[in-house]
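Let me begin by presenting the structure, written as structure tokens, before commenting on it.
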Amino acid sequence: MTKRTHLILAAALVAAAAGGTVGGLATAMASQSAPRKAVVTLHNVQFHPGVVHLAVGGTVTWRWEDADIDTEHNVTSIGAARFKSSRTQQNGTYTLKFNKAGVYRFECTIHPQSMQGKIVVG
């Protein structure tokens, strides 16, 4: 464990001993352990990985890797928590920053049966 993690755990113990809650502290610790950057590849008509955990303020880059099979894809936001969808393309990248905690679902509208995923922020 890092020195910072030790300090957070010590603060949680003090709050618990004083009768306080540690829910907010647990959330802060969870967001510290989540990465700030992630890459999702679009390959073999699938998203890899299909689920990404990300810290608030982190970025996801989708990378197209199916040009060799002459297939286009997109990243389209679906569900209640929305983000700006990508254009349909055969290669390249698309990067977004996620500033709010939540679960963001997405799919490729060309291949929705095999290409779905989600980003868990926070």
For the pair [X] (side chain) and [Y] (backbone), establish whether a donor and an acceptor sit closer than 3.5 Å, ignoring hydrogens and angles.
X	Y	value
Ser85	Ser77	yes
Thr71	Asp66	no
Ser114	Val45	yes

With a 4.5 Å heavy-atom cut-off, do [X] and [Y] have their side chains touching?
X	Y	answer
Val56	Val121	yes
Ile110	His73	no
Trp62	Cys108	no
Asn74	Tyr94	no

Cluster check Ile78, Val52: I/L/V/M/F/W/Y, side chain < 4.5 angstrom: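 No, separate clusters.
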
How long is the span from the [atom1] atom in [X] to the [atom2] atom in [Y], to the nearest 0.5 Å?
X	Y	atom1	atom2	answer
Lys118	His53	NZ	NE2	7.0 Å
Trp64	Thr88	CH2	OG1	8.5 Å
Phe47	His111	CZ	NE2	10.5 Å
Lys97	Thr59	NZ	OG1	8.5 Å
Asn91	Glu65	CG	CD	10.5 Å

Pair Asp70-Gln90, side-chain donor/acceptor within less than 3.5 Å: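 Per modelled atom types, Asp70 and Gln90 side chains form a pair under 3.5 Å.
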
Scan Leu54, Val75, Leu96 and name whichever one has a side chain to side chain contact (heavy atoms under 4.5 Å, CB included) with Val60. Leu54

Minimum heavy-atom separation for Ala55 to Ala34, with atom names?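 Heavy atoms of Ala55 and Ala34 come nearest at N-CB, 3.4 Å.
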
